[in-house]
Structures are given as C-alpha cells and as structure tokens.
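In listed order, ligands and their atoms are each counted from 1. Note that these values count all heavy atoms, side chains included, but never hydrogens, waters or copies made by symmetry.
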Amino acid sequence: MPSDDLCGDLFGDLFEEAERQLTICNSCRYCAGYCPVWPALELRTTLKREDMTHLANLCHDCGDCLTACMYAPPHQFAVDPPKVFAEVRQDSYRRYVWPQRKPGPRATGLAFTVVCLVLAVLSWLFTGRPFVVADTPGDPYEILPHTPLLIAVGAPSLWAAGMLGWAALRYWRDIHGSMAGLFRPRVWATTFHQAVQLKHMTGGGADCERPGRRGYHRVLLYGFGLCVVSTTSAAFLQNVLGVHPPYGYLSVPVISGSAGGIAMLVGGTGLWVRSGGTGFLWALLVLAATGMLTLLFRETVVFGPLLLLHVGAVVVAFGIAPYTKFVHGIFRTLSIHHDNLER
Ligand code: SF4
Ligand code: SF4
C-alpha cells in the first residue's frame with residue numbers, strides 16, 4: 001500500500017498551487033457569498049493539506065467564482081478555483097482507499113466479461129442447461145439459485161461497504177471532524193437536505209454555470225436512491241414476508257426499480273452529454289440499462305442471459321465503487337456536515 005508520505009510528495013506541487021490561489025482569494029473575498037467554501041476559507045488563517053482537501057470536496061464545481069473572477073486567466077495571477085479544487089478532489093478519491101490504484105476501462109471491461117462468463121457457467125452447472133429459459137417468467141432463481149446469487153451480489157456489496165466506510169472514517173479524521181460531530185441528528189438533517197438538493201451547486205444563485213448539470217445530477221441521484229428502495233423492498237418481501245419473486249408490475253420493487261432505472265438513464269445520459277463520461281458514470285448506465293432490459297424482457301427467452309448480464313454489472317459496479325467517483329458523494333457529504341458543524 002503506498003504510504004501517506006508518498007501521497008504527500010505527489011500532492012506537494014498541487015498543494016502549493018492551490019495555496020497560492022487561495023491566498024489571493026483570501027485577500028480578495030469577492031466570492032464570499034457564493035458558496036460555503038469561501039466562509040470556510042476565511043476561518044482558516046493557515047492552510048494545511050487536510051484543509052485543502054476539505055475545501056475542495058465542499059466545492060460543487062458550479063464555476064460561478066471563475067466567471068466572476070477578475071484574476072482568472074489570462075490575468076497573470078491565473079486564479080481558477082474550480083480547476084484546482086477538481087485536481088485536489090481527484091487526489092482525495094485515491095488517498096483514502098486501498099489499494100490506491102484505480103481500475104482503467106480495459107480492466108473494468110475485462111472484469112465484466114469474466115464475471116458474466118463465470119455466472120453463465122454457474123447457471124449451467126446449477127440448472128443443468130445452458131442459456132436456461134425460466135419456466136416461471138421472470139423468476140431469477142430458475143436462472144441462478146438463491147444462494148449463489150446472494151453470494152455473487154453480496155460479496156462485492158460487502159467489500160464496497162467496508163472499504164467506503166473505512167475511507168469515510170479516514171477522511172473524517174483527516175479533515176479534523178470530531179467523533180461527537182457524527183452523532184448530531186439535527187445537523188445531519190440539514191446536511192442531507194443540502195446534499196440531496198445539491199444546494200451548493202447554485203453558486204452565486206443563478207444555478208450551475210453548465211446548464212442542466214445540477215438537474216441531471218439530481219435525477220441520477222434520486223434514480224439511484226429509488227433502485228436502493230427497490231432492492232431493499234424486494235429483500236423485505238422475500239426474507240420477512242416470505243413473498244418470493246417474480247413481483248407484479250404494480251409491486252413496490254418493480255415500480256421503484258423501473259422509475260429508478262429510467263431516472264438513472266436520463267440523468268446519467270444528460271450528465272455524460274454535458275460533462276463527459278467517467279468510469280463510474282458508464283458503470284451506472286450499464287447497470288441501469290441491463291436492469292431495465294431484464295424487466296422489459298422478463299417474459300421472453302432472453303430473460304436468462306439479460307439477468308446474468310445485469311448481475312455481472314452489479315458485481316463489477318459494486319466491486320469498483322470505492323475506486324471510482326462514487327466516493328465523491330461520501331466525501332462531499334462529510335465536508336458539508338463538517339462545515340455545518342463549524343458554523
Ligand atoms: S475567485 Fe477571484 S474573485 Fe473570487 S475570491 Fe478568488 S480571487 Fe476573488
Ligand atoms: S462551488 Fe462554485 S462558487 Fe464555490 S468554489 Fe466551487 S466553483 Fe467556486
């Protein structure tokens with residue numbers, strides 16, 4: 001595992017550049033009312049690496065300060081807070097997870113292919129037939145029995161939850177968040193409201209400089225939340241009430257999953273068109289697309305292969321989540337919470 005010292009060396013030039021720009025900002029203070037970054041900066045007379053990490057993750061990249069800045073390039077001061085904060089954020093996504101190497105597109109594609117092939121072989125072994133057709137339309141356990149399906153999805157989910165939880169604790173400790181601060185329900189209520197609304201992406205009040213980005217971002221976030229509701233309600237129906245899938249078209253898992261899948265496709269595509277694709281965005285789009293296709297064709301012969309593709313997408317998406325932009329939601333929420341506590 002690379003040490004923090006090595007990270008510190010790699011971070012050195014970036015930190016110096018960020019510190020140079022923010023020293024100018026701290027004298028100028030023109031942007032004081034734009035977003036919480038600026039009042040938080042004023043509270044800090046000297047900037048350390050962890051302060052910079054906190055400020056960078058508090059920034060929602062709306063771009064309003066850059067638009068307003070009289071010292072932005074081509075001025076010789078070359079002040080560009082959104083750009084330097086984005087680079088510091090990238091550093092933080094790597095700093096708190098293990099291993100710190102993030103998988104590239106080729107490795108992710110290879111992993112997806114291998115996982116799907118392994119699932120297909122498992123399905124063949126357990127059902128005794130290749131490309132099995134479910135006798136009961138839409139029954140996933142006729143494609144892959146409950147236990148191997150649970151292990152296939154549960155193992156990467158537990159890995160992601162453990163690694164993200166560990167990264168969150170390291171991040172919180174690094175930005176000097178107090179343990180007592182984690183147990184402040186009223187402040188958490190404010191934090192969650194600001195986080196899900198992406199309130200700080202409004203910058204100076206005129207919404208994000210890249211039109212539509214905040215809206216698509218929110219649609220994607222709410223879609224992901226609905227898919228979590230779908231999975232949780234399906235688990236509740238099966239394990240608590242003893243109602244097994246397939247669930248009806250008007251059931252909670254199907255309605256929330258369909259609405260969530262459509263929202264993720266709309267939000268993800270919109271963000272991809274506006275801001276460009278990231279590995280994480282691609283993983284979410286593949287996840288949503290295979291999920292929707294599985295539902296749409298659940299009464300046909302392609303249900304089995306589509307289900308295995310969807311499970312493969314879930315396995316890979318959860319497996320790589322700690323090494324993708326997924327962590328930005330956690331770090332940003334913690335920085336918003338730390339900022340609310342400071343106030
Ligand atoms: S971004 Fe520009 S205008 Fe805003 S505080 Fe910094 S130097 Fe001043
Ligand atoms: S949120 Fe917007 S105004 Fe605030 S620092 Fe980031 S880019 Fe600038």
Check: Relative to the heavy atoms of P81, which atoms of ligand 1 are at a distance of less than 4.0 Å?
Finding: 1 (S)
Note to self: Out of all atoms in ligand 2, which are within 4.0 Å of some heavy atom of C35? Include the element for each.
What the structure shows: 1 (S), 3 (S), 4 (Fe), 5 (S)
Margin query: What protein heavy atom lies closest to atom 6 (Fe) of ligand 1? Include the residue and the distance to one decimal.
Written below: C25 SG, 2.4 Å
Margin query: Can you tell me how the ring of F77 sits relative to the ring of Y71, calling it parallel under 30°, perpendicular over 60° and tilted otherwise?
Written below: tilted
Notebook entry, point to check: Has R218 got more than 12 heavy atoms of other residues, nucleotides or ligands less than 6.0 Å from its CZ?
Noted result: yes
Check: In terms of residue, atom name and distance, what is the protein heavy atom nearest to atom 8 (Fe) of ligand 1?
Finding: C28 SG, 2.3 Å
Checklist line | Ligand-side contact atoms (ligand 1) for residue partner M70, heavy atom cut-off under 4.0 Å | finding: 3 (S)
Check: Are the charged groups of E16 and R20 less than 4.0 angstrom apart, N to O?
Finding: no
Note to self: Check for me whether Q21 has a heavy atom closer than 4.0 Å to any atom of ligand 1.
What the structure shows: no
Item checked: Nearest protein heavy atom with distance in Å, relative to atom 2 (Fe) of ligand 1 -> C69 SG, 2.3 Å
Item checked: N, O or S atom of C62 closer to atom 2 (Fe) of ligand 2 than 2.8 Å -> yes
Next item on the list: Do me a favour and list the nearest non-hydrogen protein atom to atom 7 (S) of ligand 1 with residue, atom name and distance?
Entry: Y71 CD1, 3.6 Å
Checklist line | Expected output: side-chain W188 to main-chain L182 donor-acceptor under 3.5 Å | finding: yes
Next item on the list: Report the C-alpha separation of R44 and H54 in whole Å, then their side-chain angles, then the decisive distance to 0.1 Å, and conclude whether the side chain to side chain contact (heavy atoms under 4.5 Å, CB included) test is met.
Entry: CA-CA 12 Å; R44 290 159 169 81; H54 166 57; 3.5 Å; yes
Next item on the list: Could you establish whether P82 and ligand 2 come within less than 4.0 Å of each other, counting only heavy atoms on the residue side?
Entry: yes
Note to self: Do R298 and Y249 form a cation-pi contact, if we require the NZ or CZ to be under 6.0 Å from the six-membered ring centre and within 45 degrees of the ring's axis?
What the structure shows: yes
Check: Can you check whether L226's main-chain N or O pairs, donor with acceptor, with S230's side chain at less than 3.5 Å?
Finding: no
Notebook entry, point to check: Quick one: which ligand 2 atoms are inside 4.0 Å of a heavy atom on H60?
Noted result: 1 (S), 6 (Fe)
Check: Between D174 and R49, is the closest basic N to carboxylate O distance under 4.0 Å?
Finding: yes
Check: Within C65, is some N, O or S atom less than 2.8 Å away from atom 8 (Fe) of ligand 2?
Finding: yes
Notebook entry, point to check: Which of the numbered atoms in ligand 2 are below 4.0 angstrom from a heavy atom of G63?
Noted result: 2 (Fe), 7 (S)
Check: At under 4.0 Å between heavy atoms, which part of D61 makes contact with ligand 2: side chain, backbone, both or neither?
Finding: backbone
Next item on the list: Taking only Lys NZ, Arg NE, NH1 and NH2, and the carboxylate oxygens of Asp or Glu, determine whether E50 and R95 approach each other closer than 4.0 Å.
Entry: no
Check: Parallel, tilted or perpendicular: which fits the ring planes of Y171 and F331, with parallel below 30° and perpendicular above 60°?
Finding: parallel
Check: Considering only the protein, which heavy-atom contact is closest to atom 4 (Fe) of ligand 1, and what is its distance?
Finding: C31 SG, 2.3 Å
